[in-house]
Structure formats: structure tokens, C-alpha cells
Amino acid sequence: MMKTSMNLMDKIVSLAKRRGFIYPGSEIYGGLTGFWDYGPLGTELKANIKRLWWNDMVYKRSDVVGIDAAIIMNPEVWKASGHLEAFTDPLIECKICHQRVRADNIEVKIDHEKTHKNKKIEWTQKKSFNLMTEVFLGVTQPKQKAYLRGEITQGVFVNFRNITDSTRIKIPFGIAQIGKAFRNEITPGNFSFRSREFEQMELEYFVAPDQKEAEKIFEFWKKERVEWYKTLGIKTENIRLRDHEPDERAHYALAATDIEYKSPFGWKEFEGIHNRSDWDLGRHKLTYKDPETQKEYTPWVIETSGGVDRATLFFLLDAYHEEGERVILKLHPHLAPFKAAVFPLLANKEDLVRSARDIYQSLSKHYYIAWDARGNIGKRYFSQDEIGTPFCITVDYDTLKNDTVTVRDRDTTKQERIKKDKLKDFFDNALHFN
Ligand code: ATP
């Protein structure tokens, strides 16, 4: 069982590199632990995740607005938020080779111990290790020390007053943001799952300071967010909610539940739902005046904090299928990098190529479409299945006679003949973009 699961991870890592989803960062210089680069298809998949999230969290809700805050902020922000003091992981060091690992990561500890066969291993006492990444600004010495944000959240809180002053939004309301965060992780690993640079997609939802109301909103977002992943194809048996134990919660959280995925390396968090109460606004000394009652108070915050990179990895893992020699990424069509591929039956027949090119160009105005004229049709199907393209359109000799093309479905492999001028309608309908 474990063997199959580990194979799956290896297969995904290899497919991701081979087909241009995810590459090791700065690979030609030997890479850099904890950094990954997204290739042409990975960039599309990630962009689709972010766009769909924004559509659902901002555009479809009248109570949410967006923000895009700077990555580097005044270091006072991190002092106030508690991150300089409490944003830590427990670290232990191997006394033989001085390798450091997270004290709570039993698997990594055991793996490390195996590298010192026949030797008695001793670990140092646990130490707290701060995850914030330091940067130095300016040209004159001493340079100003600042931090790359360890979570995107604080950019929302420090702009709370700007947002309430510059929009007409009233409590209860949310502020959404997508952006990069950086953590000096002790043990990055499991491919892109734990990186030192990653993207988060977060909603901070502000409510009146009322425990019952906050609990209601907390429950609402738990359900909503799990449904979101399921609607985009994550299998029910591979996703679950897990409440944090009191000693597991981050320094700001009154209550916390993780959305976890059943990955080849166990159930792992890819989104956290947190009740941050009035911790953050309180620390930044920000309040809200109810426009009707004129009552001033510190709002509470319910947060949904998802990782774009972890979601990308889990969507890839969940979509991976093999049927004999055939590899199919059964990505939801909304997530698939290409929505369709267009082929001329033969690459050396000018009229077939011209007709296929016309179709490619007209559909490309609406959807991201692949073009392939290499090898035979079977190989082209194989290649598109492996990257999750939901449909393949082939222009053949019948196209020249009666203006129809074949459209082949990735999941059923069934083909149907469709009139060229009905293709746009067909895709609007099949991809549910209407
Ligand atoms: P973990 O316990 O795995 O370190 P966390 O509880 O510290 O995660 P949060 O601070 O709640 O994570 O961050 C919210 C989300 O940001 C996570 O659910 C995850 O998707 C993403 N995230 C956090 N750390 C990383 C990382 N090192 N690499 C990739 N994504 C991350």
C-alpha cells in the first residue's frame, strides 16, 4: 500500500517536471532547498486555482473586497502581531552531524537516524526557531532590517481602517488577498508541499465581538471551503476537517480547524480555518465604529487561509489516473491548463492544416487551446490526456467535405462529430462557462 502511494508521488514529481508543471528552483545551479519554479502548465493550473478562488470569494459575494498588500512591511507590524516572538517551530539538532530537524516531525527524525547506522544518536534539547525570513534594506550601514512576510494576513489587518474609510463596506464583511509568503522552514520537503516561498489565498472575515456569531461564521466557512475543493473535483474520501488540539494552535487562534488531504505522505493540511478573535486588530489598536449604533469595538476575525501551492499539488495527485499505459490527469475542466487541443489529421496536408489553424485561432479568442501536429493522432491523445486537456478536436477529410470535426472526450474517450461553427457553443456548454 505504502509502496503504491510513494510511487504515486514519484510519478507526480516526474510528470510535473517532464510536462512543465513544476521544476526544481534554480536547477542549473544545483537548486535551492525549498524553492520551486512553475512551468508553462503549472503556471496555468495555479492561475486557474487563484482565479476560481477570487471569483467565488470576491466577485460572487457583495460582502467581500480584495486587497494586494506589500510583501515587506514595517517590522513593527511583526512585533505587534506576535510573529517575532511566537512564530516558531521546535527544532532539535543531531549531535553527530549538526543537522537540524523539526522536533515534531517524527518521520524525518527516524529517516535521519537511519543515516548514522550503528551509531548512538543524541539530539539536543528542543529550541524554538523563528520562521521569519530577514532582509536588509537601503545602502548605508547599518542597513534597515525587515522581514519577508511570514503570512499574508497582516497586510489585511494593517489596512483595516483604510478599507473601511475608502469603501462602503460594513461589518460583517471580508477582505480577500492572494500573495506570496516566506517561511524559513527547518525541513522543507514532500516536493512543493513545504516550501520556503509559497502563495496563500486568504479571507479575513470581520464580525462583531460575539462568541456565538463568530462560531456560526466559523462553521459556515468550514463547510463552504471543503465544498469548494470538492466542487473542483477533490474526491470526498480524500478530504476531511480536523480540529486542532488546544496545544497545537497558532499563537493568534482561539479555535482552528484544518482542511486536510489524504496524500501519499499522510493526511496533511492545505487550508486552515481560524477564529483569530480580536487578537490582531487588538494588537494593532484598530477599532470599528458601527455606523448605525455609533458603538465602537474591536471586531473579531474568522480566517480561511489556503495554500495555492499545496492545492496545486493535491489537485494533481487527486487527478492522476492510469489506464494501462495511458496516464490521464482527470483535472476539473475549470482547472485544466488547456481546455481543448486542435489537431490536423495529417501535418503535411495543407488544406487540413489550414482548416485546423482557423479553428485553433477562433477558439483561442475564448479559451486557452493547445495545437499539436506531431506524430500520429494516438500519440497526440496520449500527450493531451497526460496534462489533463478535457477535449481534443481533429480536423480530417470529412471536415473539408461537410464542415464537421471530431471532438474526443478525455474521460470517456468517446468521439462525436460536431459542426465547426457549433464548437464555441459546445465548449461553452461542456465547460460550464456560461
Ligand atoms: P504547517 O503546520 O504545515 O506548517 P501551518 O499551520 O503553519 O502549516 P498556516 O500558518 O495555517 O500553516 O498557513 C496557511 C496555509 O498556508 C497552509 O494551510 C498551507 O496551505 C500554506 N502553507 C503554510 N506553510 C507552507 C509552506 N511552508 N509551504 C507551502 N505552503 C504553506
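Order of listing sets the numbers, starting from 1, for every ligand and every atom in it.
Atoms of ligand 1 found under 4.0 Å from any heavy atom of Phe270, numbered from 1 in the order shown, are 18 (O), 20 (O). Which parts of ligand 1 touch Glu185 is read off a 4.0 Å heavy-atom cut-off, strictly below it: atoms 24 (N), 26 (C), 27 (N). For ligand 1, the atoms sitting less than 4.0 Å from at least one non-hydrogen atom of Arg194 are 1 (P), 3 (O), 4 (O), 27 (N), 28 (N), numbered in the order shown with element in parentheses. Listed by number with element, the atoms of ligand 1 under 4.0 angstrom from any heavy atom of Glu271 are 18 (O). Listed by number with element, the atoms of ligand 1 under 4.0 Å from a non-hydrogen atom of His274 are 11 (O). Of all the atoms in ligand 1, the ones that sit under 4.0 Å from a non-hydrogen atom of Ser305 are 13 (O), 14 (C), 15 (C), 18 (O).
Between Tyr38 and Tyr23, the gap from one ring centroid to the other reaches at least 6.0 Å.
Residue contact check for ligand 1: Glu151 places no non-hydrogen atom closer than 4.0 Å to it.
Protein heavy atom at the shortest distance from atom 13 (O) of ligand 1 is Gln200 NE2, 3.4 Å. Distance from atom 22 (N) of ligand 1 to its nearest protein heavy atom, with residue and atom name: Phe198 CE1, 3.4 Å. What sits closest to atom 18 (O) of ligand 1 on the protein, heavy atoms only, is Glu269 OE2, 2.7 Å. For atom 28 (N) of ligand 1, the nearest protein heavy atom (residue, atom name, distance) is Ser195 N, 3.0 Å. The nearest heavy-atom contact from the protein to atom 29 (C) of ligand 1 is Phe193 O, 3.1 Å.
Judged by distance alone, with hydrogens and angles left aside, the side-chain atoms of Arg380 form no donor-acceptor pair with the main-chain N or O of Phe343 at under 3.5 Å. A donor-acceptor pair under 3.5 Å is formed between the side chain of Thr124 and the backbone N or O of Glu93.
Looking at Gly307 next to ligand 1, an N or O pair under 3.5 Å apart turns up. Where the criterion is an N or O separation shorter than 3.5 Å, residue side chain and backbone included, Ser192 fails it with respect to ligand 1.
When Lys109, Gln125, Gln99, His112 are each tested for a side chain to side chain contact (heavy atoms under 4.5 Å, CB included) with Ile92, only one passes: Lys109.
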